[in-house]
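Since the model is a prediction, treat every value here as computed from it, not as a measurement.
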Amino acid sequence: MHEKTPEASLVQKDSANQTKKSLLRKSISSIGINRYRWVFLVICSLGEFSYFWISSLLASLQTQIQEDLDVNSTQYGLLQSFGGVGSWVMPILIGYFIDFYGARIGFIYGNLVVTLGLVTQSLAATYGSYWGMCAGGLIISFGTDALDLSNYKLLSKWFREKDMGLAFALASSMQALAGVAGGYVTPVFYNTYQQLGFPIFIAALISFFSYACAHISCEMDYRREIALNKISGSEEFTETIKFKDLKKFTLIFWLFIGAFIAMDALAYPISYFNSEYMQQRYNYDTELAGLAGQCQNLVPVIIGPIIGIVMDKLGKVGEQMVFGVIVGILSCVLQATLPNCDKCYLPMIPIFFQGLCLSISNLGIMVGLARLLDANMLGVALGVAMWIMEMIQAFFPVINGALVTATSSVDFGYYWVYIINGSIMSIGLLTGIIAIIYDRRKGNKLGKSLAEELEENPSDASEFTEHQHVLNPTRI
């Protein structure tokens with residue numbers, strides 16, 4: 001009987017590993033609960049529904065908040081800023097937590113905190129407490145990042161091998177519908193009951209619904225993990241981040257997230273003024289201004305899936321991010337320079353561009369990071385990008401509010417605020433162009449299609465399951 005040589009053993013071991021990887025890759029779409037990944041996409045997206053509903057909540061009630069609570073534009077901007085305080089620390093911390101312990105726990109935690117914050121704001125608005133509203137926003141700020149990062153990590157696990165961009169786009173479309181619906185019905189609820197606390201109470205009920213969907217999606221993810229463990233013949237895989245992994249945040253990572261930071265840090269605070277902007281400069285009534293101001297959230301529903309498919313099939317993620325920055329700058333220029341008119345459709349053009357800019361930005365950052373980095377560090381990677389963006393974003397509502405107040409003699413204050421924001425956004429254009437050039441010299445990861453990337457870098461089994469670590473055997 002011949003003994004195996006070390007070389008033969010290595011070849012046999014490598015062959016076994018390749019077979020195991022191949023089996024796991026096929027299981028993503030053909031075995032057990034993985035066949036229901038599109039159902040999972042719907043339920044998991046509904047688990048973040050409240051996050052996008054509240055993104056338009058205060059913006060669509062700006063006029064009512066200022067009148068009922070007797071506050072000016074600067075104080076309204078401060079109220080919006082309280083909603084970003086948690087983002088000073090949470091994205092990095094919760095991102096690392098998710099990569100270490102798992103996305104399921106982060107998803108449940110985020111929903112609980114957002115629900116608590118909305119209940120607080122509802123009570124404060126009912127009793128006319130401005131600082132109570134600020135306190136509720138502060139609580140919410142410690143949960144929204146957990147929702148965003150956990151949702152991203154969960155969807156990345158289920159769709160990393162196929163249709164990743166399309167999956168993110170469809171999820172964004174569903175979530176954008178929440179923003180559109182919230183922006184439209186929130187003023188209606190207020191006008192029906194003439195009570196500031198009522199539309200916020202409705203938002204709290206929606207948050208309870210999201211919490212229930214989060215539990216269902218976490219149960220599905222848990223069962224998927226068990227199924228893959230059985231297929232692989234192992235009881236536990238790990239995608240746990242290690243401190244040495246942080247060295248993988250190279251120059252291309254920092255350059256790439258620069259375009260995302262520029263777009264989101266500036267475009268979102270600008271959108272806070274859309275409703276009042278439409279009422280002041282174009283004489284829209286409250287309900288119509290709320291709907292028109294939220295049309296930016298409708299753009300991802302229409303355009304998002306197309307962008308997602310293009311990113312999957314064509315690649316060129318860096319180029320698309322640069323295009324998004326250009327669209328964002330154009331939006332600011334148009335909002336500053338378009339002439340005033342009475343209920344005309346002109347202001348809808350830059351608001352559409354706002355939505356296109358944010359759609360490209362949010363899809364691009366999720367797809368791009370998944371191309372640049374390993375699965376075990378996606379949570380902290382997106383967390384770092386969001387932390388920097390939200391640190392900047394937290395101050396801009398106050399700055400923009402002060403600009404509107406100080407320059408109110410020129411187009412009701414809506415000229416210089418857009419010109420200045422558009423000028424600052426050009427920084428993202430520069431970092432995006434440099435990122436494209438640098439990436440082409442370092443392997444062109446952002447430029448390749450999903451099929452080309454997977455062919456050159458086949459995923460190993462650790463990317464498909466979530467390590468339970470100390471918290472095993474809990475289901476979340």
Side-chain angles (χ1 to χ4, degrees), residues 38 41-42 44-45 48 51-52 55 147-180 253 255-268 271 296-328 331 352-373 375 378-379 381-383 385-386 389 425 428-429 431-432 435-436 439 445-451 453:
W38 295 108
L41 172 69
V42 173
C44 190
S45 299
E48 200 184 4
Y51 173 86
F52 287 85
S55 68
L147 287 179
D148 220 10
L149 295 176
S150 299
N151 182 272
Y152 172 56
K153 181 89 175 197
L154 287 168
L155 291 179
S156 295
K157 289 164 57 182
W158 283 67
F159 290 91
R160 189 174 177 85
E161 289 294 306
K162 187 178 180 182
D163 302 318
M164 182 168 59
L166 177 60
F168 287 145
L170 292 175
S172 297
S173 296
M174 290 183 58
Q175 293 153 357
L177 287 174
V180 174
F253 167 78
L255 289 172
F256 177 68
I257 67 174
F260 162 75
I261 291 168
M263 284 188 276
D264 276 48
L266 296 167
Y268 269 120
S271 70
Q296 68 175 55
N297 291 321
L298 192 60
V299 176
V301 178
I302 303 169
I303 304 296
I306 299 174
I307 298 173
I309 292 172
V310 170
M311 288 185 179
D312 284 338
K313 303 296 184 182
L314 181 63
K316 308 296 183 185
V317 180
E319 287 84 348
Q320 292 184 64
M321 291 290 276
V322 167
F323 175 70
V325 178
I326 294 173
V327 170
S331 170
F352 171 83
F353 285 154
Q354 274 185 18
L356 180 58
C357 165
L358 292 171
S359 181
I360 295 172
S361 172
N362 293 330
L363 280 177
I365 190 67
M366 291 188 289
V367 173
L369 291 181
R371 300 281 180 85
L372 292 173
L373 300 168
L378 289 180
L382 185 59
M386 288 177 59
M389 180 271 292
M425 199 180 293
L429 181 62
T431 61
I436 294 171
D439 179 59
K445 289 186 176 181
L446 294 173
K448 296 173 184 175
S449 67
L450 181 59
E453 177 65 20

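Looking at Ser45, its side chain does come within 3.5 Å of a backbone N or O of Leu41 through a donor-acceptor pair. Judged by distance alone, the side chain of Tyr152 and the main-chain N or O of Met366 form a donor-acceptor pair under 3.5 Å. Here the side chain of Asp264 pairs no donor or acceptor atom with the backbone of Ser361 at under 3.5 angstrom.
Considering every non-hydrogen atom in both Leu363 and Ser172, the closest pair reads CD2-OG, 4.3 Å. What you find for Gly308 and Ala169 is that their closest heavy atoms are CA-CB, 4.2 Å. Annotation for Met311 and Gln320: closest pair CG-NE2, 3.5 Å, computed over non-hydrogen atoms. Of all non-hydrogen atoms in Phe260 and Ala385, the two that sit nearest each other are CE2-O, 3.8 Å. Closest approach of Ser331 to Gln354, counting heavy atoms only: OG-CG, 3.2 Å. Across every non-hydrogen atom of Val325 and Met425, the tightest pair is CG1-O, 3.5 Å.
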Report task. Give the intermediate values and the outcome of side-chain contact (heavy atoms from CB on, under 4.5 Å) for residues Ile365 and Leu382. Result -> CA-CA 8 Å; Ile365 190 67; Leu382 185 59; 4.0 Å; yes
Requested in this report: Could you go through the side-chain contact (heavy atoms from CB on, under 4.5 Å) check for Trp38 and Asp163 one step at a time?
Outcome: CA-CA 11 Å; Trp38 295 108; Asp163 302 318; 3.7 Å; yes
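Using a 4.5 Å cut-off on side-chain heavy atoms (C-beta onward), Arg371 and Met164 make contact. Side-chain contact between Ser173 and Pro305 is present, with heavy atoms from C-beta onward closer than 4.5 Å. A 4.5 Å side-chain heavy-atom check between Ile307 and Leu356 finds at least one atom pair inside the cut-off. Residues Phe256 and Asp439 form no side-chain contact, since every pair of their non-hydrogen atoms from C-beta on lies 4.5 Å or further apart. Looking at Cys357 and Phe353, their side chains never come closer than 4.5 Å, going by heavy atoms from C-beta outward.
Atom NZ of residue Lys445 and atom CG of residue Leu373 lie 7.5 Å apart, to the nearest 0.5 angstrom. The distance from the CG atom of Leu255 to the CD1 atom of Ile436 is 11.0 Å, given to the nearest 0.5 Å. To the nearest 0.5 Å, atom CG of residue Leu446 and atom CG of residue Leu372 are 4.5 Å apart. To the nearest 0.5 Å, the span separating CD1 on Ile303 from CD1 on Ile360 amounts to 9.0 Å. Atom CG of Leu378 sits about 11.5 Å away from atom NZ of Lys157, to the nearest 0.5 Å. Put simply, CZ on Phe352 and CD1 on Ile302 are 7.0 Å apart, with the number rounded to the nearest 0.5 Å.
With Asn151 as the partner, the side-chain contact (heavy atoms from CB on, under 4.5 Å) test is satisfied by one option alone out of Leu147, Leu155, Leu154: Leu155.
For Phe253, the CZ atom counts as densely surrounded, since its 6.0 Å shell holds more than 12 non-hydrogen atoms of other residues, nucleotides or ligands.
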